[in-house]
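Worksheet: one structure, shown below.
Just so it is clear, the model here is predicted, and its values are computed rather than measured.
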Amino acid sequence: MVEQDWGVVSGVGLTALAVAAMRAIETCRHDRLIDDPYAATLVAAADQGVGFPTTPEALAAIPEDGPRWAERVDHYLGVRSRVFDDFLTAASGSGPRQCVILAAGLDARAYRLDWPAGTALFELDQPKVLQFKQITLAEAGAEPGCEHRLVGVDLRDDWPAALIAAGLDVTAPTVWLAEGLLPYLPGEAQRRLLESVTELSAPGSRLAVEEFRGTRKIAADPQIASFGAKQGMDLDTVLHHDGELPVAESLATLNWVSEIEFSEDAASRLGRNPGPGAAPMLDVSQFVMAVKRG
């Protein structure tokens, strides 16, 4: 059994565990948008009484109507996960053979997506988080479908240097994903992150970002706030409200061309009725997809 002191069972890190639980719920839906057979395994291995369902039977028993677990924020997470799954599949299939997932958490895309031959996938997060995930999935018999490079580093430190040391080729196009990351960064940190990504990106690189506009609305929503409080998170302090920047505008100054899809539009496109619990997320969330100019 791996050491459980690994950084995602309290505070901000708990969101990684919550997202894994919601991916497990999505996988059990009859109208699922993604298939993540590893999410429930990771949640069960990390369980320390935080209250998430941990078995397929428990997940399958979550009702479709009436009172819904986590106030059905998982409706939104299903849409978000599918949008970024599709982005990674399309972007990696168009030529780039290296991909970077920032703040990867318990993301299992290295194991569950179809990657083109020769793809190197870099995952950045706290060392104990990545170690926990790697050991847990290895014990479950899972094998990555790509060259899987784990880069254990705090994003407040010199992560670009760590990424280059792990083998990132800055002369070749890279596919980047920042999912569930920017809302937890102050505005200045967001700008520095985008600048660092740009410096590491050759022309033709692609970037997908989840952007929240107006995080105060999420923190003030009683259903979402109640869920956070039950898990020991004060969302008003976890989510940053200062200096929120329009990502597409910032990327334009850095020589990227962006397209934006509002999460509500993505939900409709994918045939998902978001449900009342996800409404605050859909009101403020959008997905930015960008390409680095030559």
Of all the heavy-atom pairs spanning Ala178 and Leu181, show the shortest one and how long it is. CB-CD2, 4.3 Å
Name all residues meeting the side-chain contact (heavy atoms from CB on, under 4.5 Å) criterion together with Ala91; count only those two or more places apart in sequence or in a different chain, and write none if there are none. Phe87, Val175, Arg206
Pairs touching residues 85-94 that satisfy salt bridge (charged side-chain N to carboxylate O under 4.0 Å, His left out), sequence neighbours left out: Arg82-Asp86, Asp85-Arg109, Asp85-Arg112
Under the rule for side-chain hydrogen bond (donor to acceptor under 3.5 Å, both in side chains), what residues qualify as partners of Arg97, not counting sequence neighbours? none
Got a sec, which residues hit side-chain contact (heavy atoms from CB on, under 4.5 Å) with Ser258, two or more places apart in sequence or on another chain? Ala248, Leu251, Val288, Ala290
Going by the rule side-chain hydrogen bond (donor to acceptor under 3.5 Å, both in side chains), which residues pair with Gln98 if we only count those two or more places apart in sequence or in a different chain? Thr174
Minimal non-hydrogen separation, Ser81 against Arg23, with atom names: OG-NE, 3.4 Å
Could you report the tightest heavy-atom contact between Ala166 and Phe122, atom names first, then the distance? O-CE2, 3.5 Å
Just jot down the side-chain hydrogen bond (donor to acceptor under 3.5 Å, both in side chains) partners of Asp154, sequence neighbours excluded, or say none. Gln126, Arg156
Over 12 foreign heavy atoms within 6.0 Å of CG, Asp157: yes
Sequence-distant partners of Arg269, side-chain hydrogen bond (donor to acceptor under 3.5 Å, both in side chains), two or more places apart: Glu261
Can you give the donor-acceptor pairs under 3.5 Å from side chains of residues 194-202 to other protein atoms, not counting sequence neighbours?
residue, atom, partner, partner atom, Å
Ser196, OG, Arg192, O, 3.1
Thr198, OG1, Leu194, O, 2.8
Thr198, OG1, Trp256, NE1, 2.9
Ser201, OG, Trp176, NE1, 2.8
Ser201, OG, Val197, O, 2.6

Are Val257 and Ile260 connected into the same hydrophobic cluster when the rule is that any two of I, L, V, M, F, W, Y join if their side-chain heavy atoms are below 4.5 Å apart? no
Who clusters with Leu130? Use side-chain heavy atoms, under 4.5 angstrom, across I, L, V, M, F, W and Y, and order the result by chain and number. Leu150
With sequence neighbours excluded, tell me which residues meet salt bridge (charged side-chain N to carboxylate O under 4.0 Å, His left out) with Arg32. Asp35
Of all pairs that satisfy ring pair (Phe, Tyr, Trp, His ring centres under 6.0 Å), the ones with a partner from residues 143-169, not counting sequence neighbours: Tyr111-His148
Heavy-atom closest contact (Gly294 atom, Pro203 atom, distance): CA-CB, 3.5 Å
